[in-house]
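Contents: one structure, followed by commentary.
Just so it is clear: chains get the letters A, B, ... in the order the sequence lines come, proteins before strands, and each one is counted from 1. The structure displayed is predicted, hence computed values, not measured ones.
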Number of protein chains: 2
Amino acid sequence: MPQHMALKGDLELHARIKPLVELYGAEWVSAARDLDTWPNARASARLRIRRDGARQARKLYSPAVLADERDRQVLREMAAQGIQVRISATPLPQGTVFIDRRTMFLTGPETAPSSPHGPRHRTYTMSAEPALVSGAYALFEAAWETATDLAALSDAARPRIDAQAREVLYALGSGMTDVAAARELGMSLRTYRRRVAELLVTLGADSRFQAGMRAGELGLTRR
Amino acid sequence: MPQHMALKGDLELHARIKPLVELYGAEWVSAARDLDTWPNARASARLRIRRDGARQARKLYSPAVLADERDRQVLREMAAQGIQVRISATPLPQGTVFIDRRTMFLTGPETAPSSPHGPRHRTYTMSAEPALVSGAYALFEAAWETATDLAALSDAARPRIDAQAREVLYALGSGMTDVAAARELGMSLRTYRRRVAELLVTLGADSRFQAGMRAGELGLTRR
DNA sequence: GAGGCTATGGCACCTTGCTGCCAGAGGCAC
DNA sequence: GTGCCTCTGGCAGCAAGGTGCCATAGCCTC
């Protein structure tokens, strides 16, 4: 098998991936823009997990996958099956799959399908050159480490912060006194303090300092 | 020129990189474990910056480079010359250089030098295959985006937190009242509040909430 | 309309946090 | 020893935060 070759279409990709997964596939690591980037990847990963739970699978996705509720459900299912799912803070225009750290597949540049609803004959590139694969793998690791685990983004861990709570959060973060903040937000001191108290409950904090800490850790102060 | 080839030794690497930089080198993007990963890269980057300031250079390093004061000085110099320097949260075992997004070089696997102080004949891999380069570039982007800018880690931005201040920080973060925290730390209420006030100054905060937020953002609550 | 629910704001009262002032303790130089 | 400096703790007074209580306003249902 050559060290490096181009693949045309999903069928050819699948034909290349399948034997690798069956022969070596101890570890499946992928970065993808969405859930459709690696066709059948989801099904085959599930199959592998079911067959022998020990195999490791890691999937890194663009933040866009969180937008759709159905996609989130699929992600939760994957996580429940033992696949490690993380969400990158930045989009991942190119998809990458590493199988057992020795072979990698990359999606080709984005091309429009020949007809709007016709099959997309995407191209892929496969490489088994150790230097290339390990170099790209190191970059993947760096992206992986700083990505957020799906669990941390789940509904339970991520407190619900609506627009008003966010304004209160911002006011608190600006260092204003309650009097100034209430005036700024056009509400009475009493109501402002009510909002702050609710925020403390939401963040599970016993003091304002602790609430600020949580908010900072959760990145609620940015964006 | 072949799309993909192996290079032995720094001289050969340099011979390959130089014409690319001179011909196309509008952008130099690299990920490295330390300042020695890309020999002469520093000098050549400086040269390019000086010749035409418009050229873009980005360098992503492992956190280990911050350990040595001399290295930090070099990083500061690079930043002062317009090179964007960021520090990854995780080690980057493999070095990677992208030149103008069309050619990439990767360090080979780590090999011990033939003699302890002899020249290290490291191997490198070069590739100009668009799919490989753009795929790896996407991974680099993801790692870059989540890495911390050197400026944010500089001495000015990073407050000095000694052991005692850290204990106070921890007490504040636990949600205790001042009375309980002072008792816990074996100091009087007055002294505890002095420490808290000093901490606020250190963090540049006007309120305890703001201080907690800063501490959370700076990751001072972990480790 | 009456009744009920919810959100808001004003008030009062208490707790907590913040800081200026001063007294004492400990260390160091002379 | 004296003088000086720094750190600490107690006290006092004020500012700020926290919350229970109640009145009012808006809205929905019947």
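- Of the side-chain N and O atoms in B:T191, none sit less than 4.0 angstrom from OP1 or OP2 of D:dT8.
- Distances shorter than 4.0 Å separate none of the side-chain N or O atoms of B:T177 from OP1 or OP2 on C:dT16.
- Taking the charged nitrogens against the carboxylate oxygens, B:R208 and B:D178 do have a contact shorter than 4.0 Å, which makes a salt bridge.
- Per the geometry, CZ belonging to A:R183 stands 16 Å off C1' belonging to C:dG9, to the nearest Å.
- If you check every strand for non-hydrogen atoms under 4.0 Å, A:R194 touches a base.
- For the pair B:R193 and C:dG17, the criterion of a side-chain N or O lying under 4.0 Å from OP1 or OP2 is met.
- The distance from atom CG of B:L200 to atom C1' of D:dA15 is 15 Å, rounded to the nearest whole Å.
- In this structure, B:Y192 atom OH and D:dG9 atom P are separated by 14 Å, rounded to whole Å.
- Atom CZ in A:R208 sits roughly 12 Å away from atom P in D:dA16 (whole-Å rounding).
- The distance from atom CD of A:E198 to atom C1' of D:dT19 is 13 Å, rounded to the nearest whole Å.
- The main-chain N or O of A:K59 is never found under 3.5 Å from a side-chain atom of A:R86 such that the two would form a donor-acceptor pair.
- Aromatic ring pairs are classed by plane angle as parallel below 30°, tilted from 30° to 60° and perpendicular above 60°; the pair B:W144 and B:F140 is parallel.
- Between the CG atom of A:L189 and the P atom of D:dG18 there is a distance of 11 Å, given to the nearest Å.
- No side-chain donor-acceptor contact under 3.5 Å links A:E141 to the backbone of A:Y137.
- The side chain of B:R190 sits closest to D:dG10 out of D:dG18, D:dC21, D:dG10.
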